[in-house]
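Okay, structure first, notes after.
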Amino acid sequence: MPTNFIEELRWRGMIHDMMPGTEEALMKQVSSGYIGFDPTADSLHVGHLVQIMTLVHFQRAGHKPYALVGGATGMVGDPSGKSQERNLLDAETLQHNVACVRKQLEAFLDFNAGSNAAVMVNNYDWFEKMSFLDFIRDIGKHISVNYMMAKDSVKKRLETGMSFTEFSYQLVQGYDFYYLNQHHNCIIQLGGSDQWGNIVTGTELIRRKSGGEAYAVTTPLIKKADGTKFGKTESGSVWLDPEKTSPYAFYQFWLNASDTDAANYIRIFTLKTKEEIEAIEAEHTEAPHLRALQKAVAEDITTRVHGAAALQTAIAASNILFGKSTAADLQALSEKDFFSVFEGVDQATITSAEFGAGLHIVEALAAKTGFLSSNGEARRELKANAISVNKEKVAEDYILTTKDLINGRYVLLGKGKKNNYILRVEG
RNA sequence: GGGGAGAUACUCAAGCGGCCAACGAGGGCAGACUGUAAAUCUGCUGGUGUACACCUUCGCAGGUUCGAAUCCUGCUCUCCCCA
C-alpha cells in the first residue's frame with residue numbers, strides 16, 4: 001500500500017492545484033505518474049529541482065514514477081508563460097539536450113526499485129512514427145478549438161500573435177498523457193503551476209477518447225521573499241551541471257538564501273521529516289547567526305546533486321573564503337589543496353614575465369585578467385575599499401610583489417565579501 | 001488611405017542650441033551595521049588617463065552652426081485617433 005503522497009506534498013507547501021479525487025485515487029493503490037522535462041538546454045537548473053523532488057516523493061510514497069524528456073514537445077515549444085513565440089532548436093541540439101537531461105535525472109530517482117522502479121521515457125519515441133494526418137484525425141478530433149482557446153497560455157498570446165505550432169503544443173503534450181495512460185497505466189501527471197492547462201488537456205483527452213480517469217497535481221511557482229525570481233544569480237541560472245555552475249557556487253547559492261526563503265527551501269528541496277525541520281528551525285531561531293537552516297539546505301542539496309566529496313570541498317572553500325582565515329592560513333595550504341578547494345573560483349593565468357618585479361593592483365584586476373571589466377571599475381572598487389589581496393584590504397596604489405604569492409605562484413584577490421578570483425603566475 | 005505622438009544609457013524617465021557623459025527613480029555593485037540573512041544609511045554606476053583633459057554615446061544617415069541629445073532633411077521602427 002502506498003503512503004499518502006498528497007499529504008506529504010501538502011505539509012511541505014508543494015501543492016498549488018489538484019484535481020478532485022486525486023488523493024483518494026492515489027491512496028487506493030500503487031499508481032504510475034509522470035512529469036515532463038523540456039530539453040531547452042543541455043542541463044537542468046535549480047528551478048527543475050521542484051519537479052524532480054516531487055517525483056522523488058512520488059516514488060518514496062510507493063508509486064511508480066515516469067520521467068519524460070520531451071524530445072518531441074521540445075520541437076514544438078511550450079507557449080505557457082511565454083509572451084513571445086519561441087525560437088525552435090535544431091534537431092541535433094535537441095538530441096544532445098535530451099541525452100544530457102536524461103543523464104541528470106538518472107541521479108535522482110531509483111531505477112532499480114523493483115516494481116516501482118523509475119522509468120525514463122522520451123515522447124519522440126511515439127511521435128516519431130505518427131503522421132500529421134493520424135494526429136489530427138485521432139487526437140485533434142477529440143478536443144475543440146474553443147476549448148484550446150480558453151487556455152490562459154493561448155489567451156495571453158491572442159493579442160500579440162502565436163503560431164499554429166505553439167497553439168498545437170497543448171494537444172501534443174496532452175497526447176503524451178494519453179499515451180502513457182494507455183501504455184503504462186499512468187493516471188496522474190505532475191508539474192509546475194504553469195502546466196495546469198496542458199495537463200488538463202491531457203486528462204480531458206483521456207476521458208473523451210478512452211473514458212479513463214486521470215488526475216493532476218501542480219506545484220507552486222517558487223518566489224523569493226523579496227519578490228525576485230528564484231534560481232538566478234547575477235551570473236545567470238544556477239545549473240545542476242558542475243561544468244556550468246561549480247559545486248562551490250552551487251553550495252553558496254543555497255547558503256546565501258534569506259531566512260524566510262531557507263525555511264521554504266528546506267521543505268521543498270530536502271527529504272527531511274517535519275520533526276527534523278522543526279528542530280532545525282528551533283535551532284536557527286536560537287542562534288540565527290549560525291545559519292543552521294541555510295547550511296542544512298545547502299548541504300543536503302549539494303550532496304544530492306554533486307556528491308559528498310564535492311560538498312566537502314565546497315565547505316572547505318567557503319570556510320577559507322568567509323571564515324576567519326588569514327593570509328597565513330592561505331600560505332599554509334598545499335598547492336594541491338589550494339586548487340582543489342578553489343576549483344569553482346574564477347581564475348586567470350599570467351606569465352611571470354608579465355608579473356615582473358611587481359604588478360599594479362589595477363592591472364591585476366582588469367587589464368591582465370578580466371576579473372573586472374575596466375580599469376575604471378577596478379579603481380572605483382579600490383576607492384570604495386572593496387578590494388583585498390589574500391584576504392587583506394589594499395589601497396589604490398598597491399603593487400603585487402612576489403611576497404604576495406602563495407607558494408610563489410598564485411594570489412587570491414577579493415572584491416567585496418562574495419567575489420573571489422585567483423591569479424596564477426606561470427612560467 | 002488621412003491626422004497626431006514618439007524613439008535618450010540595464011529599465012522607466014527628464015532634457016529641447018553651449019553650464020550634458022546627460023536630472024530623477026528603479027535595478028546593479030561596493031561601504032557601514034549584521035549573521036555570507038532581512039531592513040536601514042552612505043558612495044559609485046560609458047571608456048582611457050589618479051584631477052583639469054580627451055574619446056565614444058541620446059533610433060539610422062546626412063545637413064545647418066564656432067558649437068547639437070536639443071534645429072533642418074531623408075530613412076527605419078513604435079504607438080494613438082479618424083476612415
Side-chain angles (χ1 to χ4, degrees), chain A residues 83-84 159-161 222-230 232-238 245-267 269 277 280-299 301-302 311 313-326 329 341-342 344-346 358-389 391-399 412-421:
Chain A
S83 54
Q84 284 188 346
E159 293 280 314
T160 49
I222 301 200
K223 276 212 302 267
K224 293 199 283 179
D226 60 9
T228 55
K229 221 174 181 176
F230 165 77
K232 298 269 182 199
T233 62
E234 51 298 4
S235 39
S237 291
V238 179
T245 301
S246 71
Y248 163 75
F250 187 84
Y251 176 80
Q252 282 289 325
F253 167 76
W254 297 102
L255 198 66
N256 269 305
S258 73
D259 291 4
T260 349
D261 291 333
N264 219 352
Y265 296 167
I266 197 167
R267 286 170 172 76
F269 298 109
I277 291 174
I280 296 171
E281 284 182 315
E283 198 186 313
H284 186 92
T285 319
E286 191 85 3
H289 60 282
L290 294 180
R291 310 168 65 81
L293 264 176
Q294 284 88 340
K295 278 184 186 157
V297 172
E299 285 174 15
I301 307 177
T302 307
L311 170 69
T313 341
I315 293 178
S318 300
N319 284 342
I320 293 174
L321 294 176
F322 294 100
K324 292 191 196 71
S325 42
T326 57
D329 294 328
V341 160
F342 293 133
V345 174
D346 283 346
L359 184 63
H360 194 91
I361 186 68
V362 170
E363 300 233 297
L365 287 166
K368 297 283 187 200
T369 60
F371 293 144
L372 303 185
S373 59
S374 69
N375 292 351
E377 187 184 352
R379 248 180 238 110
R380 273 198 298 277
E381 299 295 0
L382 282 158
K383 279 206 181 86
N385 194 28
I387 301 299
S388 64
V389 170
K391 307 266 300 169
E392 286 180 21
K393 290 287 167 72
V394 296
E396 207 178 332
D397 51 6
Y398 195 80
I399 309 273
L412 179 69
L413 300 172
K415 181 187 75 139
K417 280 181 205 150
K418 297 181 187 173
N419 307 286
N420 295 286
Y421 315 95

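Every chain is numbered from 1 and lettered A, B, ... according to where its sequence line falls, protein lines coming before strand lines.
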Original post:
Which nucleotide in the list B:rG35, B:rU36, B:rG31 gets nearest to the side chain of A:K418?
Top reply: B:rU36

Original post:
Quantified in whole Å, what is the C1' atom distance between nucleotide B:rG17 and nucleotide B:rU65?
Top reply: 9 Å

**OP:** Scan A:R380 against the nucleic acid and name what it touches under 4.0 Å (heavy atoms): base, sugar-phosphate only, or nothing.
**Re:** sugar-phosphate

Subject >> Watson-Crick or G-U counterpart of B:rC54, or none if no pair lies under 3.5 Å >> reply: B:rG47

**OP:** Report the base-pairing partner of B:rC71 (Watson-Crick or G-U wobble, both distances below 3.5 angstrom), or none.
**Re:** B:rG63

**OP:** Mind listing the residues from residues 254-262 of chain A sitting with a heavy atom below 4.0 Å of RNA chain B? Number order is fine.
**Re:** A:L255, A:N256, A:S258, A:D259

Original post:
Between A:F230 and A:Y265, is the ring centre distance below 6.0 Å?
Top reply: yes

Subject >> Quiz item: A:K295 side-chain donor-acceptor pair to B:rU36 base, under 3.5 Å >> reply: no

**OP:** Searching all strands shown, indicate the nucleotide that pairs with B:rU36 (Watson-Crick or G-U wobble; both distances under 3.5 Å).
**Re:** none

Original post:
Rounding to the closest angstrom, what is the interatomic distance between B:rG74 and B:rC12 at atom C1'?
Top reply: 30 Å

Original post:
What does A:N375 touch in the nucleic acid at a heavy-atom separation under 4.0 angstrom: a base, only the sugar-phosphate, or nothing?
Top reply: sugar-phosphate

**OP:** Indicate, yes or no, whether a donor-acceptor pair under 3.5 Å links the base of B:rU36 to the side chain of A:Q252.
**Re:** yes

Subject >> Polar side chain donor-acceptor pair, A:E363 to A:N375, under 3.5 angstrom >> reply: no

Original post:
Any idea which of B:rG47, B:rA30, B:rC33 is nearest the A:S374 side chain?
Top reply: B:rG47

Subject >> Counterpart base for B:rG1, defined by Watson-Crick or G-U wobble contacts under 3.5 Å >> reply: B:rC82

Original post:
What nucleotide, of B:rG35, B:rU48, B:rA30, holds the atom closest to the side chain of A:P288?
Top reply: B:rG35

Subject >> Distance between P atoms of B:rA22 and B:rG47 (Å, rounded) >> reply: 13 Å

